[in-house]
Amino acid sequence: MSARTASVGPVTGDSEQVIETRGLTKHYGQVHALTDLDIEVGGGVTGLVGANGAGKSTLIKILLGLLEPTSGSARVLGHDIATEGEEIRRFVGYMPEHDCLPPDVSASEFVVHMARMSGLGASAARERSADVLRHVGLEEERYRPMGGYSTGMKQRAKLAQGLVHDPRLVFLDEPTNGLDPAARADMLRLVRRIGSDFGIAVLVTSHLLGELEQVSDHVVVLDAGHLLRSSATGDFLERTGSLLVEVVGGTTERDRFGEALAAAGLTCRPRGTAIAVEPAPDGLSVHDLVRDTAADLGLGLMRLQPDRRHLEDVFLDDAPAAAAGGSRG
Ligand SMILES: Nc1ncnc2c1ncn2[C@@H]1O[C@H](COP(=O)(O)OP(=O)(O)O)[C@@H](O)[C@H]1O
Ligand SMILES: [Mg+2]
(Lines give C-alpha, C1' and ligand atoms only; values in the text may rest on other atoms or scores of the structure.)
(Ligands and ions follow the chains in the order given, each with its own letter.)
Protein backbone atom coordinates (compact mmCIF):
# COMPACT_ATOMS: atom_id res chain seq x y z
CA MET A 1 0.00 0.00 0.00
CA SER A 2 3.00 2.26 0.11
CA ALA A 3 3.76 2.56 -3.61
CA ARG A 4 0.79 4.73 -4.46
CA THR A 5 2.56 6.70 -7.14
CA ALA A 6 2.72 3.59 -9.30
CA SER A 7 -1.04 3.07 -9.25
CA VAL A 8 -2.86 2.03 -12.40
CA GLY A 9 -4.80 4.59 -14.39
CA PRO A 10 -4.68 8.35 -14.16
CA VAL A 11 -3.43 9.51 -10.78
CA THR A 12 -5.98 11.58 -8.91
CA GLY A 13 -4.39 14.71 -7.52
CA ASP A 14 -5.83 16.41 -4.47
CA SER A 15 -7.24 19.19 -6.57
CA GLU A 16 -9.10 16.88 -8.95
CA GLN A 17 -12.79 16.20 -8.51
CA VAL A 18 -13.26 12.80 -6.90
CA ILE A 19 -17.05 12.90 -6.58
CA GLU A 20 -19.47 15.21 -8.31
CA THR A 21 -23.27 14.98 -8.13
CA ARG A 22 -25.84 17.05 -10.02
CA GLY A 23 -29.44 17.18 -8.87
CA LEU A 24 -29.08 13.71 -7.40
CA THR A 25 -32.42 12.49 -6.07
CA LYS A 26 -33.54 9.15 -4.66
CA HIS A 27 -37.05 8.15 -3.62
CA TYR A 28 -37.92 4.79 -2.08
CA GLY A 29 -41.64 4.90 -2.78
CA GLN A 30 -42.94 7.69 -0.55
CA VAL A 31 -39.60 8.15 1.23
CA HIS A 32 -37.47 10.99 -0.14
CA ALA A 33 -34.03 9.71 0.82
CA LEU A 34 -32.03 12.26 -1.25
CA THR A 35 -33.29 15.53 -2.70
CA ASP A 36 -31.57 17.42 -5.51
CA LEU A 37 -28.01 17.01 -4.21
CA ASP A 38 -25.18 19.02 -5.77
CA ILE A 39 -21.98 17.91 -4.09
CA GLU A 40 -18.34 18.24 -5.09
CA VAL A 41 -15.66 16.31 -3.26
CA GLY A 42 -11.90 16.49 -3.86
CA GLY A 43 -9.01 14.35 -2.60
CA GLY A 44 -8.06 13.72 1.02
CA VAL A 45 -10.52 12.67 3.69
CA THR A 46 -14.13 13.86 3.40
CA GLY A 47 -16.54 13.36 6.27
CA LEU A 48 -20.19 12.77 5.39
CA VAL A 49 -22.24 13.70 8.44
CA GLY A 50 -25.91 13.35 9.18
CA ALA A 51 -28.33 11.85 11.69
CA ASN A 52 -29.59 8.30 11.14
CA GLY A 53 -31.80 8.28 8.06
CA ALA A 54 -30.17 11.40 6.55
CA GLY A 55 -29.32 9.47 3.37
CA LYS A 56 -25.60 8.74 3.81
CA SER A 57 -25.71 5.03 2.95
CA THR A 58 -28.09 5.67 0.07
CA LEU A 59 -25.68 8.20 -1.41
CA ILE A 60 -22.76 5.76 -1.17
CA LYS A 61 -24.72 2.93 -2.78
CA ILE A 62 -25.73 5.19 -5.66
CA LEU A 63 -22.13 6.34 -6.17
CA LEU A 64 -21.04 2.67 -6.30
CA GLY A 65 -23.68 1.89 -8.90
CA LEU A 66 -25.45 -0.53 -6.52
CA LEU A 67 -28.62 1.60 -6.53
CA GLU A 68 -30.11 3.65 -9.33
CA PRO A 69 -30.98 7.28 -8.60
CA THR A 70 -34.55 8.44 -9.23
CA SER A 71 -33.12 11.42 -11.11
CA GLY A 72 -29.93 13.43 -11.42
CA SER A 73 -26.42 12.33 -12.27
CA ALA A 74 -23.04 11.73 -10.65
CA ARG A 75 -19.43 11.14 -11.58
CA VAL A 76 -16.91 9.24 -9.46
CA LEU A 77 -13.21 9.66 -10.35
CA GLY A 78 -14.45 11.21 -13.57
CA HIS A 79 -16.62 8.19 -14.49
CA ASP A 80 -20.37 8.39 -15.01
CA ILE A 81 -22.26 6.22 -12.50
CA ALA A 82 -24.94 5.44 -15.08
CA THR A 83 -22.64 3.98 -17.73
CA GLU A 84 -19.22 3.30 -16.20
CA GLY A 85 -20.00 1.33 -13.06
CA GLU A 86 -17.39 -1.28 -13.85
CA GLU A 87 -14.55 1.29 -13.98
CA ILE A 88 -15.81 2.86 -10.79
CA ARG A 89 -15.85 -0.44 -8.88
CA ARG A 90 -12.34 -1.22 -10.12
CA PHE A 91 -10.87 1.95 -8.59
CA VAL A 92 -13.15 2.29 -5.58
CA GLY A 93 -13.21 0.32 -2.32
CA TYR A 94 -16.24 -0.08 -0.08
CA MET A 95 -16.59 -0.84 3.60
CA PRO A 96 -20.32 -1.43 4.08
CA GLU A 97 -22.20 -0.35 7.17
CA HIS A 98 -23.58 -3.73 8.15
CA ASP A 99 -21.79 -6.94 8.98
CA CYS A 100 -21.05 -8.83 5.78
CA LEU A 101 -18.49 -11.34 7.08
CA PRO A 102 -18.98 -15.11 6.83
CA PRO A 103 -18.49 -16.35 10.43
CA ASP A 104 -16.77 -19.64 9.55
CA VAL A 105 -14.06 -18.09 7.38
CA SER A 106 -10.84 -16.43 8.58
CA ALA A 107 -10.03 -12.80 7.75
CA SER A 108 -7.07 -14.01 5.75
CA GLU A 109 -9.16 -16.37 3.59
CA PHE A 110 -11.87 -13.74 3.17
CA VAL A 111 -9.57 -10.92 2.12
CA VAL A 112 -7.61 -13.19 -0.26
CA HIS A 113 -10.93 -14.24 -1.78
CA MET A 114 -12.02 -10.62 -2.25
CA ALA A 115 -8.65 -9.82 -3.84
CA ARG A 116 -9.07 -12.74 -6.29
CA MET A 117 -12.59 -11.51 -7.09
CA SER A 118 -11.18 -8.15 -8.05
CA GLY A 119 -8.83 -9.81 -10.50
CA LEU A 120 -5.53 -10.31 -8.64
CA GLY A 121 -3.57 -13.52 -9.28
CA ALA A 122 -3.16 -16.06 -6.46
CA SER A 123 0.24 -14.97 -5.16
CA ALA A 124 -0.41 -11.25 -5.57
CA ALA A 125 -3.72 -11.71 -3.72
CA ARG A 126 -1.97 -13.45 -0.81
CA GLU A 127 0.73 -10.79 -0.63
CA ARG A 128 -1.68 -7.84 -0.81
CA SER A 129 -3.95 -9.46 1.78
CA ALA A 130 -1.12 -10.00 4.23
CA ASP A 131 -0.03 -6.37 3.70
CA VAL A 132 -3.43 -4.89 4.12
CA LEU A 133 -4.30 -6.99 7.18
CA ARG A 134 -1.08 -5.83 8.77
CA HIS A 135 -1.94 -2.19 8.00
CA VAL A 136 -5.34 -2.48 9.66
CA GLY A 137 -3.78 -4.19 12.69
CA LEU A 138 -5.13 -7.72 12.21
CA GLU A 139 -2.01 -9.82 12.27
CA GLU A 140 -2.17 -12.51 14.93
CA GLU A 141 -5.88 -13.14 14.59
CA ARG A 142 -6.13 -13.27 10.83
CA TYR A 143 -6.17 -17.09 10.65
CA ARG A 144 -9.06 -17.46 13.11
CA PRO A 145 -12.71 -17.72 11.99
CA MET A 146 -14.27 -14.25 11.99
CA GLY A 147 -17.34 -15.45 13.90
CA GLY A 148 -15.24 -15.20 17.07
CA TYR A 149 -14.02 -11.65 16.39
CA SER A 150 -14.82 -8.59 18.50
CA THR A 151 -16.69 -5.74 16.77
CA GLY A 152 -13.41 -3.86 16.40
CA MET A 153 -11.76 -6.82 14.67
CA LYS A 154 -14.76 -7.28 12.38
CA GLN A 155 -14.61 -3.61 11.40
CA ARG A 156 -10.91 -4.02 10.57
CA ALA A 157 -11.58 -7.10 8.43
CA LYS A 158 -14.33 -5.19 6.60
CA LEU A 159 -11.92 -2.32 6.06
CA ALA A 160 -9.17 -4.65 4.80
CA GLN A 161 -11.37 -6.18 2.09
CA GLY A 162 -12.22 -2.64 0.93
CA LEU A 163 -8.54 -1.77 0.50
CA VAL A 164 -7.10 -5.00 -0.86
CA HIS A 165 -7.43 -4.14 -4.56
CA ASP A 166 -5.47 -0.90 -4.05
CA PRO A 167 -8.34 1.53 -4.74
CA ARG A 168 -7.91 5.26 -5.39
CA LEU A 169 -11.05 6.09 -3.44
CA VAL A 170 -12.66 4.26 -0.57
CA PHE A 171 -16.15 4.62 0.91
CA LEU A 172 -16.24 3.87 4.64
CA ASP A 173 -19.81 3.64 5.91
CA GLU A 174 -19.88 4.19 9.69
CA PRO A 175 -16.53 2.51 10.42
CA THR A 176 -16.70 3.42 14.12
CA ASN A 177 -20.18 2.00 14.65
CA GLY A 178 -20.42 -0.21 17.74
CA LEU A 179 -16.84 0.47 18.88
CA ASP A 180 -15.82 1.44 22.40
CA PRO A 181 -13.90 4.73 22.80
CA ALA A 182 -10.42 3.19 22.51
CA ALA A 183 -11.28 1.13 19.42
CA ARG A 184 -13.03 4.19 17.98
CA ALA A 185 -9.88 6.28 18.36
CA ASP A 186 -7.81 3.50 16.71
CA MET A 187 -10.22 3.31 13.79
CA LEU A 188 -10.15 7.09 13.32
CA ARG A 189 -6.34 7.06 13.26
CA LEU A 190 -6.51 4.36 10.63
CA VAL A 191 -8.96 6.40 8.53
CA ARG A 192 -6.63 9.38 8.74
CA ARG A 193 -3.67 7.22 7.66
CA ILE A 194 -5.53 5.83 4.67
CA GLY A 195 -5.93 9.40 3.48
CA SER A 196 -2.53 10.80 4.40
CA ASP A 197 -0.01 7.91 4.29
CA PHE A 198 -1.53 5.87 1.48
CA GLY A 199 -2.88 8.76 -0.57
CA ILE A 200 -6.28 7.15 -1.03
CA ALA A 201 -9.24 9.55 -1.20
CA VAL A 202 -11.70 8.70 1.58
CA LEU A 203 -15.40 9.36 2.01
CA VAL A 204 -16.25 8.40 5.59
CA THR A 205 -19.68 8.61 7.19
CA SER A 206 -20.71 9.06 10.78
CA HIS A 207 -23.65 10.43 12.71
CA LEU A 208 -21.13 11.87 15.19
CA LEU A 209 -19.75 15.22 14.14
CA GLY A 210 -17.01 15.32 16.71
CA GLU A 211 -15.17 12.32 15.35
CA LEU A 212 -15.23 13.45 11.72
CA GLU A 213 -13.88 16.81 12.75
CA GLN A 214 -10.72 15.03 13.90
CA VAL A 215 -9.97 13.21 10.65
CA SER A 216 -11.61 15.09 7.77
CA ASP A 217 -10.16 17.72 5.46
CA HIS A 218 -13.63 18.49 4.21
CA VAL A 219 -17.07 17.97 5.73
CA VAL A 220 -20.39 17.45 3.95
CA VAL A 221 -23.51 17.69 6.13
CA LEU A 222 -26.74 15.98 5.06
CA ASP A 223 -30.06 16.68 6.75
CA ALA A 224 -33.00 14.46 5.79
CA GLY A 225 -31.65 14.03 2.26
CA HIS A 226 -30.82 17.71 1.72
CA LEU A 227 -27.33 19.19 1.52
CA LEU A 228 -26.97 21.40 4.56
CA ARG A 229 -23.36 22.43 4.19
CA SER A 230 -20.16 21.46 2.41
CA SER A 231 -16.89 23.13 3.40
CA ALA A 232 -13.30 22.66 4.42
CA THR A 233 -13.08 21.52 8.05
CA GLY A 234 -11.05 24.63 8.88
CA ASP A 235 -13.92 26.86 7.74
CA PHE A 236 -16.20 25.22 10.28
CA LEU A 237 -13.73 25.77 13.05
CA GLU A 238 -13.43 29.52 13.12
CA ARG A 239 -11.60 30.94 16.05
CA THR A 240 -13.82 32.48 18.68
CA GLY A 241 -11.27 35.00 19.96
CA SER A 242 -11.29 33.29 23.37
CA LEU A 243 -8.34 31.55 24.90
CA LEU A 244 -8.43 28.03 26.31
CA VAL A 245 -6.26 27.56 29.40
CA GLU A 246 -5.64 24.54 31.56
CA VAL A 247 -3.67 24.00 34.74
CA VAL A 248 -2.20 20.81 36.19
CA GLY A 249 -4.57 19.04 38.58
CA GLY A 250 -8.30 18.33 38.71
CA THR A 251 -11.52 20.32 38.96
CA THR A 252 -10.43 21.81 42.31
CA GLU A 253 -7.37 23.41 40.70
CA ARG A 254 -9.39 24.40 37.63
CA ASP A 255 -12.01 26.16 39.76
CA ARG A 256 -9.43 27.83 42.02
CA PHE A 257 -7.72 29.14 38.89
CA GLY A 258 -11.01 30.27 37.33
CA GLU A 259 -12.01 32.20 40.44
CA ALA A 260 -8.63 33.94 40.55
CA LEU A 261 -8.86 34.86 36.86
CA ALA A 262 -12.34 36.30 37.44
CA ALA A 263 -11.03 38.27 40.41
CA ALA A 264 -8.29 39.64 38.11
CA GLY A 265 -11.01 41.07 35.84
CA LEU A 266 -11.35 38.35 33.20
CA THR A 267 -14.57 36.72 32.03
CA CYS A 268 -14.23 32.96 32.00
CA ARG A 269 -16.18 29.73 32.14
CA PRO A 270 -15.19 26.08 32.56
CA ARG A 271 -14.88 24.01 29.37
CA GLY A 272 -14.22 20.36 30.21
CA THR A 273 -10.95 20.19 32.10
CA ALA A 274 -9.99 23.65 30.82
CA ILE A 275 -11.23 27.23 31.18
CA ALA A 276 -12.31 29.39 28.25
CA VAL A 277 -11.22 33.00 28.82
CA GLU A 278 -12.92 35.79 26.87
CA PRO A 279 -10.86 38.56 25.26
CA ALA A 280 -9.80 41.06 27.92
CA PRO A 281 -11.03 44.65 28.20
CA ASP A 282 -8.75 47.26 26.61
CA GLY A 283 -5.30 47.54 28.04
CA LEU A 284 -5.23 44.12 29.72
CA SER A 285 -3.19 41.25 28.33
CA VAL A 286 -4.96 37.92 28.82
CA HIS A 287 -1.71 36.05 28.33
CA ASP A 288 0.07 38.06 31.05
CA LEU A 289 -2.83 37.78 33.50
CA VAL A 290 -3.14 34.04 32.97
CA ARG A 291 0.56 33.48 33.43
CA ASP A 292 0.83 35.72 36.50
CA THR A 293 -2.27 34.26 38.13
CA ALA A 294 -1.01 30.69 37.67
CA ALA A 295 2.35 31.70 39.15
CA ASP A 296 0.70 33.46 42.14
CA LEU A 297 -1.34 30.35 42.95
CA GLY A 298 1.60 28.01 42.35
CA LEU A 299 -0.33 26.17 39.64
CA GLY A 300 1.39 24.61 36.61
CA LEU A 301 0.07 25.93 33.31
CA MET A 302 -0.25 23.04 30.86
CA ARG A 303 -2.27 24.55 28.03
CA LEU A 304 -2.77 28.01 26.58
CA GLN A 305 -4.24 28.09 23.08
CA PRO A 306 -6.82 29.88 20.94
CA ASP A 307 -10.29 28.46 21.47
CA ARG A 308 -12.07 27.18 18.35
CA ARG A 309 -15.65 26.42 17.62
CA HIS A 310 -16.39 22.77 17.13
CA LEU A 311 -18.49 21.15 14.44
CA GLU A 312 -21.24 20.43 16.97
CA ASP A 313 -21.61 24.17 17.67
CA VAL A 314 -21.73 25.01 13.97
CA PHE A 315 -24.22 22.27 13.26
CA LEU A 316 -26.47 23.38 16.09
CA ASP A 317 -26.33 27.00 14.85
CA ASP A 318 -27.08 25.99 11.27
CA ALA A 319 -29.77 23.41 11.91
CA PRO A 320 -31.50 23.49 15.25
CA ALA A 321 -33.89 20.76 14.12
CA ALA A 322 -31.15 18.35 13.16
CA ALA A 323 -29.27 17.98 16.43
CA ALA A 324 -26.37 15.58 16.15
CA GLY A 325 -26.94 11.89 16.45
CA GLY A 326 -30.73 11.87 16.80
CA SER A 327 -32.47 8.88 15.29
CA ARG A 328 -35.08 9.54 12.68
CA GLY A 329 -34.93 6.50 10.47
N1 LIG B 1 -34.33 -0.04 0.79
C2 LIG B 1 -35.04 0.94 1.33
N3 LIG B 1 -36.38 1.00 1.19
C4 LIG B 1 -37.11 2.02 1.70
N5 LIG B 1 -36.59 3.03 2.41
C6 LIG B 1 -35.27 3.03 2.60
C7 LIG B 1 -34.43 2.00 2.08
N8 LIG B 1 -33.14 2.27 2.44
C9 LIG B 1 -33.18 3.42 3.13
N10 LIG B 1 -34.44 3.88 3.24
C11 LIG B 1 -34.88 5.14 3.91
O12 LIG B 1 -34.18 6.19 3.27
C13 LIG B 1 -33.76 7.15 4.22
C14 LIG B 1 -32.25 7.28 4.17
O15 LIG B 1 -31.66 6.07 4.66
P16 LIG B 1 -30.09 5.81 4.69
O17 LIG B 1 -29.52 6.16 3.37
O18 LIG B 1 -29.88 4.43 5.18
O19 LIG B 1 -29.61 6.90 5.75
P20 LIG B 1 -28.31 6.93 6.69
O21 LIG B 1 -27.30 6.01 6.11
O22 LIG B 1 -27.90 8.35 6.70
O23 LIG B 1 -28.76 6.46 8.06
C24 LIG B 1 -34.30 6.69 5.56
O25 LIG B 1 -35.53 7.33 5.77
C26 LIG B 1 -34.47 5.20 5.37
O27 LIG B 1 -35.48 4.70 6.20
MG1 LIG C 1 -26.32 4.42 6.94
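Numbering of ligands and ligand atoms starts at 1, following listing order.
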Query raised in the report: Any N or O on Ala54 sitting closer than 3.5 Å to an N or O of ligand 1?
Result: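 Yes: some nitrogen or oxygen of Ala54 is under 3.5 Å from one in ligand 1.
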
Query - Geometric N/O contact Thr58 with ligand 1, under 3.5 angstrom - result: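 It does: an N or O of Thr58 is found under 3.5 Å from an N or O of ligand 1.
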
Query raised in the report: If you measure from atom 23 (O) of ligand 1 to every heavy atom of Ser57, Gly53, Ala33, which option wins on shortest distance?
Result: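 Answer by nearest heavy atom: Gly53.
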
Query - Near-ring test His135/Phe198, centroid separation under 6.0 angstrom - result: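 Yes, the ring of Phe198 comes within the 6.0 Å limit of the ring of His135, centre to centre.
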
Query raised in the report: Looking at Asn52, which atoms of ligand 1 are within less than 4.0 Å of one of its heavy atoms?
Result: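 Per the distance check, 23 (O).
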
Query raised in the report: For ligand 1, which atoms have a heavy atom of Val31 less than 4.0 angstrom away?
Result: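 Listed by number with element: 11 (C), 12 (O), 25 (O).
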
Query raised in the report: Among side-chain atoms of Thr176 and Glu211, is any donor-acceptor pair under 3.5 angstrom?
Result: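 On atom types as modelled, these side chains qualify, holding a pair under 3.5 Å.
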
Query raised in the report: Does any N, O or S atom in Thr205 come within less than 2.8 Å of the Mg ion (ligand 2)?
Result: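 False for Thr205.
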
Requested in this report: Confirm or rule out an N/O/S atom of Asp173, from backbone or side chain, lying less than 2.8 Å from the Mg ion (ligand 2).
Outcome: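 So Asp173 does not bind the Mg ion (ligand 2) by this criterion.
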
Requested in this report: Take Arg75 and Ser73, measure what side-chain hydrogen bond (donor to acceptor under 3.5 Å, both in side chains) needs, and give me the verdict at the end.
Outcome: CA-CA 7 Å; Arg75 300 184 83 80; Ser73 63; over 6 Å; no

Query - Qualifying residue, where the test is side chain to side chain contact (heavy atoms under 4.5 Å, CB included) with Pro69 and the options are Leu34, Leu24, Thr21 - result: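 With Pro69 as partner, side chain to side chain contact (heavy atoms under 4.5 Å, CB included) holds for just one option, Leu24.
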
Query raised in the report: For the Mg ion (ligand 2), what is the closest N, O or S atom on Glu97?
Result: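 That would be atom OE1.
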
Query raised in the report: Which pair of heavy atoms, one from Ala82 and one from Asp80, lies closest together, and at what distance?
Result: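 Shortest heavy-atom contact: N-OD1, 2.8 Å.
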
Report task. Decide yes or no on side chain to side chain contact (heavy atoms under 4.5 Å, CB included) for Val245 and Val286, but give the supporting numbers first. Result -> CA-CA 10 Å; Val245 299; Val286 177; over 6 Å; no

Query raised in the report: Does ligand 1 have an atom under 4.0 Å from some heavy atom of Gly50?
Result: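 So Gly50 does not count as touching ligand 1.
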
Query raised in the report: Does Ala51 have a non-hydrogen atom less than 4.0 Å from ligand 1?
Result: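 Ala51: in contact with ligand 1 (<4.0 Å).
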
Query - Separation of Lys154 NZ from Leu179 CG (nearest 0.5 Å) - result: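 Leu179 CG to Lys154 NZ: 12.0 Å, rounded to 0.5 Å.
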
